[in-house]
Structures are given as C-alpha cells and as structure tokens.
There are 4 protein chains.
Amino acid sequence: MARKRRPAARPEEILDAALAVFTEMGFAGARVEDIATRAGLSKGAVYVYFDSKHAILTALVRRLADRVIGAAEALVEAGAAVSAEQTLRSLLGFIAVQMSDPKISAAPRLVIAESQRFPEIGAMYRDVVLARVRRLIARILEKGIAQGAFRDVAPEVLLRLCGGPIVAHMFLTTVFADPDAPGPAPDVIAKGIADMVLNGLKVRQETAT
Amino acid sequence: MARKRRPAARPEEILDAALAVFTEMGFAGARVEDIATRAGLSKGAVYVYFDSKHAILTALVRRLADRVIGAAEALVEAGAAVSAEQTLRSLLGFIAVQMSDPKISAAPRLVIAESQRFPEIGAMYRDVVLARVRRLIARILEKGIAQGAFRDVAPEVLLRLCGGPIVAHMFLTTVFADPDAPGPAPDVIAKGIADMVLNGLKVRQETAT
Amino acid sequence: MARKRRPAARPEEILDAALAVFTEMGFAGARVEDIATRAGLSKGAVYVYFDSKHAILTALVRRLADRVIGAAEALVEAGAAVSAEQTLRSLLGFIAVQMSDPKISAAPRLVIAESQRFPEIGAMYRDVVLARVRRLIARILEKGIAQGAFRDVAPEVLLRLCGGPIVAHMFLTTVFADPDAPGPAPDVIAKGIADMVLNGLKVRQETAT
Amino acid sequence: MARKRRPAARPEEILDAALAVFTEMGFAGARVEDIATRAGLSKGAVYVYFDSKHAILTALVRRLADRVIGAAEALVEAGAAVSAEQTLRSLLGFIAVQMSDPKISAAPRLVIAESQRFPEIGAMYRDVVLARVRRLIARILEKGIAQGAFRDVAPEVLLRLCGGPIVAHMFLTTVFADPDAPGPAPDVIAKGIADMVLNGLKVRQETAT
DNA sequence: TATGAATGAGACTTCATTCAT
DNA sequence: TATGAATGAAGTCTCATTCAT
C-alpha cells in the first residue's frame, strides 16, 4: 500500500469515512477497519488520529452538529433586524432542510442510538448542541414577546414545539422511510410546520397578520 | 431454585427482562445471558422461546408499542361523541404521559437505535405502529375539519406537529436528561403542547373559543 | 470439534497446558489459543474457566508452588524428632531435587519474569510462597540453636544461604544451561551445598561431628 | 528542542533510556517509543542505532554485566597479594553491593525474564558473563586450596554457594520486596553471607582464625 | 541522521448460538 | 424444557518496524 502524506487532512478524511460507515451500518455494526479502508488508510493509522472507535463517534457528532448550529446561530444573528416571526420561519426552514440531509441528521440519530451505552455522548450533545439551540429559541421568543407578536409561552414548550416536528420529520424520512411512499419535500413540510406553530390548528377569524 | 413458574408465562418474563436490560445497556450492550439471568433462566432456555437476540427485540418492541397504541385507539374511539379538539387534547396528553415512562419510550428509542443495522425493525415499526398513529391523527383531523373546528392542514404535517413535540420531550427527558436540571412534568408539557398546537404562537384577539 | 464434558477436570487441564506453553514460549509469547489447543479446547472455552491470560498464570504459579511448599512443610513437620541438621539436609535435598524439575521451577521463573510488569504476582508469590519458606527456615534454625547445634545467625541470612544456591543451581541448569556441558546432578549439588552450608569453606580441625 | 548532543553518544543514551524503561515495565511491556522519548529521540531514530528492540536488550545486558564483571576481575587481580579468604570476602561484598542497585541487577533479571522466549540471550549471558564469574571463583578457590586455607570443594558448588545468596538477596529486595518490611542492608547481608560461606552453620570450637 | 506517519500482523477478549445431557 | 459447557467468529486495539521526506 502506498504511503501517502497528508497529515493535516487525515482527521477530516477519517471523519468523513466514519460518517459514511456509521450511517450504513450503525456505530456498533461499523468496524474500524471499514472506516480505515474507506479513508484509504490502514487500520492502525486510524488509531494515530483517534484514541478509539468511540472517540471517532464523538468527534464526528461534534463536527456535524457544530456546522449546523453555527449556521443557525449566524442566521438568527442576521435576523436581528427583521421580525421575530420571520426569524423563526427562517430558522425552522433552515433546520428542516438541514435535517433532511441524512448526512447531517446522522449526528442526532447516532447520539440517540448510542447514548444508552455511552451516556457521555448524550451529555456532550446536550451541553454542546442542545444548549445552543435552547439559547436560540429563547432569544427569538423573548424578542417576539417584547414586540408583542408572540404569546408568552414557556421556552421549553416552544423548544419542543419547534424542534419536535423537525426531528419527527427527520425520523419519518430516514429511519421509518417507506420506499413506496416518499414523504413531502422538506421545504413544504417546513412551511407547514411554521404556519401551524405560528397559527395553531384552530379555525378563527384572523384579526392580525 | 424455585422453579414454580408456569412455562406459558416464560416468553413474557423474558420480554420483561429484556426490556430492563435493553433499557440499561442498549441492544448491542445487552447480553443474552443478562436477560436470561434476570428472567431466572439459563442462557440456553431463552433460545427455546426466541430464535435470536434480535427476535427478542422485535417481539419486545411490538408488545410495548401495541399496548400504547391500542389504548390510544380506544381513547379516540371513545371520543367519538366529544369535539375533535377535546379528542386531540386527550390523545396528546395520553401519549405524552405514556412516553414519559422510560419503560415505554424504550421501544421507539431501541427501534431508532437499531434500525440502521436492522432495517426490518424500522419497517416493522412503521407498518405496525406508525401506520396506526397516522390513521388516528387522520381521523381526528377529518372530523375536526368536518366540524369546522380545524383548519384544513395536511395530515402529514399534523402528524409531525403532534407527535414531534412529544417525541422531543421524550428524548429530552431520557437520552438528554440533565441530572442537574430536571425538566417540566409531562402533564404540564402536554397541556402546553396542546395549547400551542391548537392556538399557535401568535398573539391575536380570540374571536372564538 | 467434539464437545466433551468433563467440567471438573478442565481447570487442571488448562493449567497443565498453560505450564507447557508458558515454559516453551514465556508468558508474553504464549497465546491463549496455544493453551486452549493443547488442552483440547477452543479459545473461548478457556475463558469459561479463567478471566484472563493473566489469571491463568497466577493460578498456575499458586498451584505449582503450593505443591512443593506443602510437601516441604510436611517434611519439616516429620523431622521434628531428628536433629536440626538432619532436617535441614533433608529440606535442602528435597527442594534442590524439586527445583531441578523444569516443570516445577517454571513457577519462580515465570514470577520473576513477569513481576516487573505485574507487580501483584510478585507480591502474591512473596505472601503465599516465600512467607512459608521463611517460616520453615526460621523453625529449623531456632531448633538448631536451641539444641546447641547451630550458630546464632540471622534467619534472613540463612534463608539466603540455603535458598540462594538452590535457586542459582536452578537457573544454571535451565535458563543458562549449556547443552555441551551438562552440570552436576541435583543430589550431588544438594549434598555439596548442605555440606558447605553446615561446615563452611574454611579448613579446620573438626572438634565436633 | 536543544539538539546539541554529539551523535556519537546516542547509543549510550538509548541504552540508558532502555534500562530505565525496561526496569519499569519489563521488556515486553516497554515500547520502543518510550525508550526513544526518554532518550530525546524519535522512534525511527532508534532504529538507526539498533536493529531491533531485542538488539537493544542484548546490548544493554552486555554493557551492564561487563561493567560489574570487569570491576570484579580487577578486584580479584588486585587481591593477588592477600589471602584467598580476604579476596573472597572482598568479591562477595562488592558483588552484593552492586547487585543491590536495581539499575545493575536489572541485567540478570531481564535475562532471566526473556531467555525463555529468546534463548540466545541466555546463552550470551552464560558465555559472556557467567563464564567470567566461574573463572574468578575457580581462581580464588584454587589459590585458597593451595594455601591450605580452603577445603577442596567442587568449583561448581562454590559458585552456587557464593553467587546464589547474592542473587537471592537481589530478588528478595527487588522482585519480592515487601514495601512494609524493608530487608537488611546489603553490606550487613554481605558480611553475614561471607561469614557463613566461610565458617558454615555448625557450632564448633574454633582452632584457627 | 532524523522524523513520525503509516503499516499490518496479531493478541486478547467477548458473545450469540449450539448441543449433549 | 432446561442446562451450561463449548464453539468460533469477530472486533478493538497495540506496537515493532519501515520508509518517504
């Protein structure tokens, strides 16, 4: 086997390979050798960069989540000027589209799958990812309430109401996807969710936009 | 070694034991011997009742889900007389409370965790469990629309909007539970979710109840 | 492979096999599979009886040492009636002959070889084996002094003076054996050692037997 | 990274590092990288100076033993004028003190530990070290007999009687050291051993000094 | 000479599963 | 039905050694 030399890129390559393998076989079903092969390395080389298979998972989840959350934060930041409703719609749409990409939704799925066995990974996700999402939701909510646009609901409820449908959609289109009946497109769903989150299910005569 | 149990009860006992063990260590981390021991049997005896470790998981999920869905169906059935809104509130509350029990929420968590490796279990859950939930949601929605109480939203959207927050809550209180910051009680959350699902986030002058 | 059934004898068989393999390849060089094969078992079966390769070593050393020390103690016990000199001669001869058997001397050699890496095994040998040898030497010495037959030397010195030459002989005939120049027979050496331990190297006119 | 060392000193530095690492972790437990790091080199550089990990061990043992034996030979040489007894006492004392230094006794311990797996190292030690010790003992014995001071014992017996107690003492204070019960000082033991080797254990009326 | 990334053989250990009893 | 000893296939991780730079 050729001995190449691209030290700087290696960890990223390994993580890319790991994402593919974990997505295909799950964490437990994935073999380090599979990851190594897909990264164009030998088994041992993987251990030069990561201490254990588990460390690969942790790094992978962290990287995947960080990208999406970082972008989401930027998006909310950028929405400072517009209405809270508009910001919420943007955020919901962005996350929904992101989470429809199996390469990205792999992160929470892996975390959920493995955190029974390795509780630290659940804790990491909670502290690194969810905490930031919580902050985002809380900020938008506060602003909306201050503007008189939103009802004064509990942030924890809004978190569940915004995040839940997206997560549910993600599961329904990955884990529980029916090959015969493909679900609706993510942006359609995102709009539907946003409309309902904002307006609710009940019929009424709208007195405000 | 008191061996006074009726053999007929064995499979149930094994499933009870499996639930406990899977919940504690995850599917991959659970050993058949652990299950056997907890069921008061020897390893080999388990194989008299189940073909494989995997068959245990499938049977367990089926049983857990069946119980909850069956009850939910009964509840909706019973709600034929009342308003669609009331039925939906009841359903949401029931599922939220059920899913707050780790022994029950173990089913979807296990399915999500394992279906990457064993897609059949995801398919089974979709066909056996989710299909019934879809039917329930669709029925309530149709009725609500017919009564002029609900807006005409897509059932797939409502499914995500109703199921998602509950699933999210479940994950937040199991997988991502922060021991230092216990979340809100399930019935509080259920009411909050129901209020928001029905009324939305936006402030408005109510013109109808 | 045939599945036999002799549970009771298995641990002993594994230990016998382990002795052979450890003697041939050293502890580090021995593979559990080698031991298993020689014991007529599969690799996995070994782990039914021992927790680890290391546990095999510990059990083996304990067993080997226990046999010899037990016999030595019986011998000293039996020598209660005879003179201390006679008892010491018997003991020296017995140990020398025993230690000339590579199957038996394997124990201290393995302990010495591995205790750098696994200090507990050195501690175990010290507490289980050497402590008993110390007691034996101390008892004989006390008796000899009481009888007026022995000089009043420190037990620790006598321990070294009696045990050392035997250990040295063992090493010279195992680890450092020269295939071209076989050393003297163990009983000849034992007698020589005993004579010298008792009489010393210096020429003198004997005034007592 | 001060790299001011003269390349010529490298092998010595590597051996010094190897001694420390082997002493701490044993040969099998030592990693070449550990040795390299302690020597202030990279793993690969070690292989510039030594063909293999094993070659390091061999060179190390050779060096350690050579130093001690060389000094011992000089000591015996210097004792040409004095009595055989005095020479023997000096030699015993010198070796006992040397062997009480774990850095020096590491050599025989490593040889004993590894020669099961690598018989050549045992052979090397026998031919390079033990042969010289044998010659030393034989020379002193011959002289003592010629002077009428020593009894006519077999050199092989004397070798064991002189070397054995010292080796035993070495093991008792290294491998089998009880942290709670430190043994006697080496010079005390050396004198005790010399006294006994020369005078024996039996009580007698001394008729000569 | 020196580096250190990469290799690749191999070892221990774990279990799901089988089967003689 | 039940046992539990036994199997055997895997899998993670380690490390001596090599080699391009």
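Keep in mind that this is a model prediction, so the values were computed, not measured. All chains are named by letter (A, B, ...) in the order of the sequence lines, taking the proteins before the strands, and each is independently numbered beginning at 1.
- Checked by atom type and distance alone, the side chain of R10(D) never pairs as donor or acceptor with a backbone atom of V46(D) at under 3.5 Å.
- Within the 4.5 Å cutoff, the side chain of E33(C) has no heavy atoms near those of the S42(C) side chain.
- The interatomic distance linking E13(D) (CD) with dA2(E) (P) rounds to 10 Å, in whole Å.
- With sequence neighbours left out, the side chain to side chain contact (heavy atoms under 4.5 Å, CB included) criterion links Y47(C) to V32(C).
- Considering all non-hydrogen atoms of both residues, A106(B) and K103(B) come closest at CB-O, 3.9 Å.
- To the nearest angstrom, C1' of dT7(E) lies 18 Å from CD1 of I35(A).
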- Starting at the 5' end of DNA chain E, what dot-bracket string do you get if Watson-Crick and G-U pairs under 3.5 Å are bracketed, crossing pairs use [ ], other-strand pairs use | and unpaired bases use dots? .||||||||||||||||||||

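- For the atom pair I35(D) CD1 and I56(D) CD1, the distance stands at 4.5 Å (nearest 0.5 Å).
- Residue pairs meeting the side-chain hydrogen bond (donor to acceptor under 3.5 Å, both in side chains) criterion with at least one partner in residues 53-63 of chain C, sequence neighbours excluded, are E12(C)-R63(C), D16(C)-R63(C).
- The nearest whole Å value for the distance from the OH atom in Y49(B) to the P atom in dT17(E) is 18 Å.
- Taking side-chain N and O atoms only, Y47(B) has no distance below 4.0 Å to OP1 or OP2 of dC19(E).
- For the pair A45(A) and S42(B), nearest-nucleotide mapping onto DNA chain F gives the more 5' position to S42(B).
- A heavy-atom distance below 4.0 Å to DNA chain F is reached by these residues of residues 50-60 of chain D, ordered by number: S52(D), K53(D).
- Going from atom CD of E33(B) over to atom C1' of dT14(E) covers 11 Å, rounded to whole Å.
- Rounding to the nearest 0.5 Å gives a distance of 3.5 Å between CD1 of I112(C) and CZ of F171(D).
- Contact between P11(C) and Y49(C) at its shortest, heavy atoms only, is CG-CD2, 3.9 Å.
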Kindly list each side-chain donor-acceptor pair under 3.5 angstrom involving residues 17-28 of chain C, sequence neighbours excluded, with atom names and distances?
| unit_1 | atom_1 | unit_2 | atom_2 | d |
| --- | --- | --- | --- | --- |
| T23(C) | OG1 | L19(C) | O | 2.6 |
| E24(C) | OE1 | R38(C) | NH2 | 3.4 |
| E24(C) | OE2 | R38(C) | NH2 | 3.1 |

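- Between the CD1 atom of I14(C) and the P atom of dT13(E) there is a distance of 14 Å, rounded to whole Å.
- In terms of the side chain to side chain contact (heavy atoms under 4.5 Å, CB included) criterion, residue partners of I104(B) (sequence neighbours excluded) are, by chain and number, V68(B), Q98(B), D101(B).
- L41(C) has its CG atom 17 Å from the C1' atom of dC12(E), to the nearest Å.
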Report all side-chain donor-acceptor pairs from residues 113-127 of chain C shorter than 3.5 Å, counting only partners two or more places apart or in another chain.
| unit_1 | atom_1 | unit_2 | atom_2 | d |
| --- | --- | --- | --- | --- |
| S115(C) | OG | V111(C) | O | 3.0 |
| R126(C) | NH1 | A177(D) | O | 2.7 |

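- Residues of residues 22-32 of chain C that place a heavy atom closer than 4.0 Å to DNA chain E, in numerical order, are A30(C), R31(C), V32(C).
- Comparing K43(B) and V46(A) along DNA chain E, the residue whose closest nucleotide (by nearest heavy atom) sits nearer the 5' end is V46(A).
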